[in-house]
Student: 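The structure's right below; bear with me while I get my questions together.
Both ligands and their constituent atoms are indexed starting at 1 by order of listing. Bear in mind that the values here come from a model prediction, so they are computed numbers and not experimental data.
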Amino acid sequence: MIHHRSAWRNRWTFMLATAGSAIGLGNIWKLPYMIGVNGGSAFVLVFIASILFVGIPLMMTEILLGRRAQRNPLNGMEFLAAEARVSPKWKLLGGMGMLTGLLILSFYSVIGGWVLSFIFDAASGTFTGIEAAQSTSNFKNLLASPFTLLFWHTVFMYLTMGVVARGVNSGLERANNILIPALFAILLILLGYSMSEGDMRSAFHFMFSFDFSKITPVAVLSALGHAFFSLSLGMGAVMVYGSYLQRNVSIARTTIYIALADTMLGLLVGLAIYSLVFANNLAPDAGPGLIFQTLPIAFGHMPAGRLIATLFFMLVAFAAWSSAISLVEPTIAWVVENTKISRKTSTSILGFAVWLLGVSVVLSFNEWQHIKVIFGLNIFETLDKLTSTILLPLGGLLMAIFAGYFMKKYHVQEELNLEDRGFKYWRIANNYIAPVAISAVFLYLFGLVK
Ligand code: PFF
């Protein structure tokens, strides 16, 4: 059953929406703390390599699958499998992606809630003149109050589902136009401040000394996983957006712009943050609270800091919001295209289910902190690791294998529409580099290779 499908107005709106999905908490909140937890530059090096050799080619793969299928991920994979005359079971890959998106959203919304609460802290002047110790304890207090976290998690979920219920085209694309460039602009102000007041030299050394001896298997695993998370790959979000993309747009060029903007943004936030971390003697491995503890110090001391901080957290909230929407869009597209349930009803039901799971994430930062699910990880950590290090790379691996080994080569060529050399590069990366890299990491993860 094919319904009337909306389409992006032009390449620019597709690019902004996909960039809107890619740019989010992954860049601003997650990448900086992961760099610290995983030993700095070694992680950065593997992360950049993962973006270049795995992320970019697989983003092309995911867009091409979506555009060829012109359907939601599940029906899309079913359609592509039929076209390639292979087992219809490939549709399970689409189903896995949907589930992954919902699992990610359950904790994404909680962190989005932290950002919302910081908008109000910033606006009310809480950060004015704040010092490191106080900033750290402010954040700890937030984590220790389940009801505050729950309130903001609920608001974030409500905002996300509100947009999804109205459909992908309305409002979002126009907002992306202004807000993503605005986020970059404010980041430059922050970076300027960090350069003059922070310890940029140490930050640079910490992130870019590229000391090969420090690379550990765990860092490789997390860096590869984060490349998927950051580019929104492996779960069908990019595939759905690609399915709304017109035929005449170059997939390769669009992908490269998005990947570069996404990676640059994350690394710039990292530099701004570490230069403050080192200037204030904070711990680089503070974990998920890192930006919430360090940035207020900068905002609290810069001229017009109250205004800039408020704007900054508003923009981060927006970035998180446009990513969150893309986490549910694959599932909603599937429900709308396959059942009689309306967009509004399905969004409410799904929203409630994800919200409920999010409640357990909220509690894992306080009351349920000591409940370990698996390998000594609490609920938040389990959901995070399960999705980023297993489900997203697995989804990416299967998409690469499908496009590389099951689809007709001329269908792929038709979608990518590259000259010979470009196509050859994509093929080497998609058929060999990405599958080998991801499988190697999995083999290690499951203890087969020590
Ligand atoms: N890429 C988003 C971020 O970096 O915050 C997170 C994300 C969105 C991951 C959508 C996966 C996805 F499908």
Student: Of the protein's non-hydrogen atoms, which lies at the shortest distance from atom 13 (F) of ligand 1, and what is that distance?
Tutor: Met235 SD, 2.8 Å
Student: Please identify which of these residues, Thr61, Thr255, Asn431, meets the side chain to side chain donor-acceptor pair (under 3.5 Å) condition with Trp426.
Tutor: Thr61
Student: Any non-hydrogen atom of Ser230 lying under 4.0 Å from ligand 1?
Tutor: yes
Student: Can you find a pair of side-chain heavy atoms, one from Leu416 and one from Asn430, that are under 4.5 Å apart?
Tutor: no
Student: In ligand 1, which numbered atoms sit nearer than 4.0 Å to a non-hydrogen atom of Leu25?
Tutor: 5 (O)
Student: Centres of the Phe127 and Phe299 rings: under 6.0 Å?
Tutor: no
Student: Which of the numbered atoms in ligand 1 are below 4.0 angstrom from a heavy atom of Ala22?
Tutor: 1 (N), 2 (C), 3 (C), 4 (O)
Student: Return a yes/no value for Gly26: is any of its N or O atoms, backbone included, closer than 3.5 angstrom to an N or O of ligand 1?
Tutor: yes
Student: Where do Ser194 and Ala272 come nearest, in terms of heavy atoms and distance?
Tutor: OG-O, 3.1 Å
Student: Below 4.0 angstrom, N of the basic side chain to O of the carboxylate: do Arg343 and Glu329 qualify?
Tutor: yes
Student: Are Phe118 and Trp114, when compared by the centres of their aromatic rings, separated by less than 6.0 Å?
Tutor: no
Student: Which is it for Tyr108 and ligand 1 at heavy atoms under 4.0 Å: side chain, backbone, both or neither?
Tutor: side chain
Student: Taking 4.0 angstrom as the limit and counting only heavy atoms of Ser21, give me the atoms of ligand 1 inside it, by number and element.
Tutor: 1 (N), 2 (C), 8 (C), 10 (C)
Student: Who's closest to atom 10 (C) of ligand 1 heavy-atom-wise, of Gly101, Ser322, Ser232?
Tutor: Ser232
Student: Run the salt-bridge test on Glu83 and Arg68 with the 4.0 Å N-O cut-off and return the result as yes or no.
Tutor: yes
Student: Only heavy atoms of Ala237, strictly under 4.0 Å: list the atoms of ligand 1 that pass.
Tutor: 13 (F)
Student: If you take the nearest heavy atom of each of Tyr241, Phe228, Phe229, which one is closest to atom 9 (C) of ligand 1?
Tutor: Phe229
